[in-house]
Structure formats: structure tokens, C-alpha cells
Visitor: 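Supplied in C-alpha cells, the structure appears directly below.
It should be emphasised that the depicted structure is a prediction, and the values quoted were computed from it without experimental measurement.
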Amino acid sequence: MSDSLPSDLEIAVLLPCFNEATTILPVVLGFRAALPQAQIYVFDNNSTDDTALKAKLAGATVIRETRQGKGNVVRRMFSDIEADIYLMADGDGTYRPEDAPELIRTLLAERADMAVGTRRGVTADAGRHGHAFGNRIFNRLYTALFGSDFTDIFSGYRAFSRRFAKSFPAVSPGFETETEMSVHAMRLRLTVVELALDYGRRPEGSQSKLSTVRDGARILRMFAVLLKETRPFAFFGTLSGLFMLASLCFMTPVLIEFFETGLVPRLPTWVFSVGLAMIAFMLFTAGLILDSLARARAEQLRMHYLALPCLYARPTARQGAGLAVLEERAASADAA
């Protein structure tokens with residue numbers, strides 16, 4: 001199916017790996033078959049097995065990243081590799097290489113900056129019940145905090161435009177990097193598209209690197225940091241409301257007693273409640289100021305994004321490939 005992709009399109013397949021010797025060979029061979037024109041890069045993140053050796057035997061370019069964590073690998077991938085389209089997948093064999101051409105065609109057809117291969121049934125069974133439950137909770141929490149642009153924020157199967165890759169700051173060090181990608185797209189109002197794909201299980205002998213509790217806590221922390229950075233008024237406004245509510249709870253009995261007797265026998269409680277109210281007002285003011293700064297930072301990021309060359313501005317077969325996909329989908333819809 002890769003013959004429908006423009007021949008002049010530079011595609012980089014990026015595979016972050018940590019101890020994936022059991023699966024990396026068939027994964028690389030699968031992407032070589034699905035995308036013959038693509039350059040395949042395996043980023044070895046301090047593997048202690050034969051991941052790097054097997055990746056080289058399969059024909060991939062192996063690059064070692066010593067900073068542990070998927071986020072550190074993603075930062076290195078986007079900074080070092082030059083391409084028109086970046087396709088990121090995991091090296092554990094849970095994503096089908098055969099779906100890669102369709103994911104890229106969808107990116108081109110929608111003229112998007114990121115195409116996400118959402119995982120069918122991942123919220124029902126992600127291999128472990130804790131992971132499945134976490135996927136449901138975090139996706140709902142993301143929707144509540146940042147919007148409904150995504151239904152699977154943890155999918156590791158994504159295609160990116162060069163503009164996205166080169167404007168993405170990649171601050172997070174670990175598995176929470178997919179959340180950061182989603183928030184980055186939301187923050188800059190980038191065009192994103194989702195494509196439902198099958199999600200497989202790890203083969204026997206391959207173990208997940210995720211920890212339900214540890215990585216869940218990291219993701220929660222990343223949610224809080226991203227909310228503070230991108231929506232500071234909502235973040236500090238919520239804290240301000242909580243402090244004001246606590247202030248009123250301590251203050252109300254003292255005020256009632258004062259109006260009834262004219263006395264303030266619980267002076268420490270009154271002072272404490274006034275202190276809480278002052279903190280609430282300071283948090284509210286900080287939220288207002290930081291919200292203006294966040295808007296200015298978003299504008300700067302947007303201008304940097306716009307300064308990068310746009311793939312879709314090139315009048316070649318690439319746009320024709322996208323239009324062909326749209327026409328095929330329209331014809332299928334009419335036939336149905």
C-alpha cells in the first residue's frame with residue numbers, strides 16, 4: 001500500500017526501545033516492508049540485551065540515548081532527525097507496521113500536523129487491568145482539563161509533520177511525553193486527526209516497562225504542570241477558590257458570634273481565616289498575571305511554528321495523494 005505515497009516524501013520511522021530484543025527484529029522488518037522509502041531509526045535507551053544488534057541486523061540505523069526515559073528519547077529523535085514526515089511507534093510489536101501507510105495517508109489527506117493511531121479496545125484491556133483503568137481515567141481527565149481533541153492520549157503510534165516535530169519542546173523525561181504532545185497540539189490549535197487501529201499484545205517473553213502506580217503518578221504530575229503552564233488562570237483560580245472556601249469555613253462562626261455578642265473570643269481563628277483569604281486573593285492575582293504571560297508564550301510558539309516550512313505548501317503529488325484519499329473515502333461512504 002505504500003505505492004500510493006508520494007515517492008519524494010522523506011519519511012523517518014522512529015522506534016524508541018529499551019530491552020526489546022524479543023520483538024525489534026520483526027518490527028523493523030515490518031516497517032521496511034510497509035514503507036520501503038522510509039529511513040528507520042532505532043533509539044536504544046540503555047538496553048542490556050541484544051536490542052541494538054538485532055535492530056542493526058534488520059537494517060535500521062541505531063542511535064544510543066543515555067538519558068533514561070521515553071521523553072528524553074523523543075527529544076533526541078526530533079532534534080537529530082531530518083524528514084518531511086516522522087512516524088513514531090513502539091518497538092514491542094503491539095502496533096502493526098502494515099497500518100503505517102494508512103496513518104501517513106490520513107495525515108496528508110487531512111493536511112494535519114499530527115495523526116494519532118488510537119488503540120481499539122485499549123480501555124477495556126491493555127494487558128493489565130490497572131493499565132486499562134488508568135487509560136479510561138486519564139483520558140476523561142484530559143478531556144475535562146484540556147478539551148476533547150483526543151480520545152487516546154497515550155497512544156504511541158503517531159505520525160507528525162516536520163512543523164510539529166521541530167516546534168515540540170519535549171520537556172517531560174518519561175512516558176508522559178504523549179500527554180505533552182497532545183497538550184502542545186491543543187495549545188497551538190494545530191490540526192490533528194485520529195485513526196482507529198488494532199492494538200496487539202506483547203509476545204511471550206516481552207515485558208512491559210510501565211508501572212501502574214509510578215507512571216500514573218508521573219502522568220498526574222505532568223497534568224498539573226501542563227495545566228499550570230498552559231491554563232494558569234484555571235490552575236491558580238481553582239487553588240484560590242479552595243483557599244477562599246477554607247477561609248469562609250473558619251471565618252463564618254467567628255462572624256456569627258461577633259454579630260450576636262460583639263466580641264471576638266476566638267481571635268487566632270479569625271487571624272487564620274483572614275490569612276487564608278489573603279492567600280486566596282494573591283493566588284487569584286497571580287493567575288490573572290500568568291494567564292497573560294501564557295498567552296504571550298503561546299503566540300511566540302505559534303510564530304516559531306509558522307516560521308518552519310510547511311509540507312502542504314509544496315504543489316506536488318503529495319497534495320494529490322491526500323486528495324485521492326479523500327475521494328476514495330467519499331466514494332466508499334456513498335457506496336455504503
Visitor: Got a donor-acceptor contact below 3.5 angstrom from the Thr143 side chain to the Ser148 backbone?
Guide: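 No; judged by distance alone, with no hydrogens or angles, the pair does not exist.
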Visitor: Under a 3.5 Å distance rule, please check whether Lys54 uses its side chain to pair with a backbone N or O of Leu25 as donor and acceptor.
Guide: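 Side chain of Lys54 to backbone of Leu25, a donor-acceptor pair under 3.5 Å: no, none is there.
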Visitor: Out of curiosity, Leu5 CG to Leu9 CG, how far, rounded to the nearest 0.5 Å?
Guide: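 The CG atom of Leu5 sits 6.5 Å away from the CG atom of Leu9.
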Visitor: For the CD1 atom of Ile104 and the CD1 atom of Ile11, what is their distance to the nearest 0.5 Å?
Guide: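 So the CD1 of Ile104 and the CD1 of Ile11 are separated by 4.0 Å.
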Visitor: Please report the interatomic distance OG1(Thr230) to NE2(His184), rounded to the nearest 0.5 Å.
Guide: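 Taking OG1 in Thr230 and NE2 in His184, the distance rounds to 12.0 Å.
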Visitor: Verify whether one side chain among Glu194 and Thr151 offers a donor that lies under 3.5 Å from an acceptor in the other.
Guide: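 Yes - a donor-acceptor pair under 3.5 Å links their side chains.
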Visitor: Output yes when a side-chain donor or acceptor of Ser47 lies under 3.5 Å from a complementary backbone atom of Asp44, and no otherwise.
Guide: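 No, because the side chain of Ser47 does not come within donor-acceptor range (under 3.5 Å) of the backbone of Asp44.
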Visitor: Shared ILVMFWY cluster between Val183 and Met114, side chains joined below 4.5 angstrom?
Guide: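 Yes; Met114 is reachable from Val183 via cluster members.
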Visitor: Take the angle between the ring planes of Phe146 and Tyr142 and call it parallel below 30°, perpendicular above 60°, tilted in between.
Guide: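 Plane angle between 30° and 60°, so tilted.
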Visitor: If you apply the rule salt bridge (Lys or Arg N to Asp or Glu O under 4.0 Å), what do you find for Glu299 with Arg302, and how did you get there?
Guide: CA-CA 5 Å; Glu299 290 173 1; Arg302 180 72 183 181; over 6 Å; no
Visitor: Determine whether more than 12 heavy atoms belonging to other residues, nucleotides or ligands lie under 6.0 Å from atom OH of Tyr41.
Guide: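 Yes - once you tally the heavy atoms of other residues, nucleotides and ligands closer than 6.0 Å, there are more than 12.
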Visitor: Within the distance-only criterion (no hydrogens, no angle test), does the side chain of Arg231 pair as donor or acceptor with the backbone N or O of Leu145 below 3.5 angstrom?
Guide: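 Looks like yes, one N/O pair under 3.5 Å.
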Visitor: Is Gln37 reaching over with its side chain to a backbone N or O of Pro6, donor-acceptor style, under 3.5 angstrom?
Guide: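 Yes, the answer is positive, given that a donor and an acceptor are paired below the 3.5 Å cut-off.
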Visitor: Tell me, do Ile219 and Phe138 make a side-chain contact under 4.5 Å, heavy atoms counted?
Guide: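 Counting from C-beta outward, Ile219 and Phe138 do come under 4.5 Å.
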Visitor: Would you confirm whether Thr177, through its side chain, and Pro173, through its main-chain N or O, come within 3.5 Å as a donor-acceptor pair?
Guide: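 Checking the backbone N and O of Pro173 against the side chain of Thr177, no donor-acceptor pair under 3.5 Å is found.
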Visitor: Check residues 275-293 and write down every donor-acceptor pair under 3.5 Å in which the side-chain atom is one partner and the other belongs to a residue at least two apart or another chain.
Guide:
| residue | atom | partner | partner atom | Å |
| --- | --- | --- | --- | --- |
| Thr285 | OG1 | Phe281 | O | 2.9 |
| Asp291 | OD2 | Arg295 | NE | 3.3 |

Visitor: In terms of side-chain heavy atoms, does Asn45 have a donor or acceptor partner in Arg64 at a distance below 3.5 Å?
Guide: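 Asn45 vs Arg64: no donor-acceptor pair found between side chains.
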Visitor: Write down the atom of Gly91, the atom of Cys17, and the distance for their closest heavy-atom approach.
Guide: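 Shortest heavy-atom contact: CA-SG, 3.9 Å.
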Visitor: Name all pairs fulfilling the ring pair (Phe, Tyr, Trp, His ring centres under 6.0 Å) condition that reach into residues 80-113, sequence neighbours left out, sorted by first residue then second.
Guide: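 As it turns out, the ring pair (Phe, Tyr, Trp, His ring centres under 6.0 Å) pairs with a partner in residues 80-113, which skip direct neighbours, are Phe78-Tyr86, Tyr95-Tyr157, Tyr95-Tyr199.
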Visitor: State whether the side chain of Asp152 and the backbone N or O of Arg119 hold a donor-acceptor pair below 3.5 Å, judged by distance alone.
Guide: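 Yes; at least one donor-acceptor contact below 3.5 Å.
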Visitor: Within the supplied structure, the quantity of interest is the number of heavy atoms (other residues, nucleotides, ligands) at a distance under 6.0 Å from Lys166 NZ; does it exceed 12?
Guide: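 More than 12 heavy atoms, drawn from other residues, nucleotides or ligands, come within 6.0 Å of this atom.
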Visitor: Sort and list the pairs that fulfil salt bridge (charged side-chain N to carboxylate O under 4.0 Å, His left out) and have at least one residue in residues 169-192, not counting sequence neighbours.
Guide: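 Sorted result for residues 169-192: Lys70-Glu178.
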Visitor: Of all the heavy-atom pairs spanning Arg32 and Ala58, show the shortest one and how long it is.
Guide: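 Looking at all heavy atoms of both residues, the closest pair is NH1-O, 2.7 Å.
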Visitor: Would you say the side chains of Asp113 and Tyr305 form a donor-acceptor pair under 3.5 Å?
Guide: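 Looking only at side-chain atoms, Tyr305 and Asp113 do form a donor-acceptor pair, the distance falling under 3.5 Å.
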Visitor: Rounded at 0.5 Å granularity, tell me how far CZ in Arg163 sits from CG in Leu306.
Guide: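 Atom-to-atom, Arg163:CZ and Leu306:CG are 5.5 Å apart.
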Visitor: Testing the basics here: between Leu35 and Pro101, what is the closest heavy-atom pair and its distance to 0.1 Å?
Guide: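 Between these two residues, the closest heavy atoms are CD2-CG, 3.9 Å.
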Visitor: Assess, by modelled atom type and distance only, whether the side chains of Thr23 and Asp92 contain a donor and an acceptor separated by less than 3.5 Å.
Guide: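 There is no such pair (donor and acceptor under 3.5 Å, judged by atom type) between the side chains of Thr23 and Asp92.
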Visitor: Checking Arg162 side chain against Asp84 main chain: does a donor-acceptor pair fall under 3.5 Å?
Guide: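 Not a single qualifying donor-acceptor pair exists.
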Visitor: Test of understanding: clusters of I, L, V, M, F, W, Y form through side-chain heavy atoms closer than 4.5 Å, transitively. Do Phe43 and Ile40 belong to the same one?
Guide: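 Result: no, two separate clusters.
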Visitor: Could you state the interatomic distance from CG (Leu226) to OG (Ser172), rounded to the nearest 0.5 Å?
Guide: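 Here the rounded value is 7.5 Å.
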Visitor: Can you give each donor-acceptor pair under 3.5 Å made by side-chain atoms of residues 252-262, sequence neighbours left out, with the distance rounded to 0.1 Å?
Guide:
| residue | atom | partner | partner atom | Å |
| --- | --- | --- | --- | --- |
| Thr252 | OG1 | Leu248 | O | 2.6 |
| Thr261 | OG1 | Glu257 | O | 2.8 |
| Thr261 | OG1 | Leu263 | N | 3.2 |

Visitor: Treating Ser155 as the side-chain partner and Val116 as the backbone partner, does any N or O pair qualify as donor plus acceptor under 3.5 Å?
Guide: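 Not confirmed, Ser155 side chain does not pair with Val116 backbone.
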Visitor: Does Glu65 reach the main-chain N or O of Arg67 with its side chain, forming a donor-acceptor pair under 3.5 Å?
Guide: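 Flag set: sc Glu65 to bb Arg67 pair under 3.5 Å.
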Visitor: Mind checking side chain to side chain donor-acceptor pair (under 3.5 Å) for Thr179 and listing every partner two or more places apart, or none if nothing turns up?
Guide: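 In terms of side chain to side chain donor-acceptor pair (under 3.5 Å), with neighbours along the sequence ignored, Thr179 is linked to no residue.
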Visitor: Got a sec, which residues hit side chain to side chain donor-acceptor pair (under 3.5 Å) with Thr51, two or more places apart in sequence or on another chain?
Guide: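 Per chain and number, Thr51 pairs via side chain to side chain donor-acceptor pair (under 3.5 Å) with Asp49.
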Visitor: Going from CE on Met244 to OG on Ser273, what distance comes out if it is rounded to the nearest 0.5 angstrom?
Guide: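 That separation rounds to 10.0 Å.
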Visitor: Can you tell me how the ring of Phe164 sits relative to the ring of Phe168, calling it parallel under 30°, perpendicular over 60° and tilted otherwise?
Guide: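 Rings of Phe164 and Phe168: parallel, under 30°.
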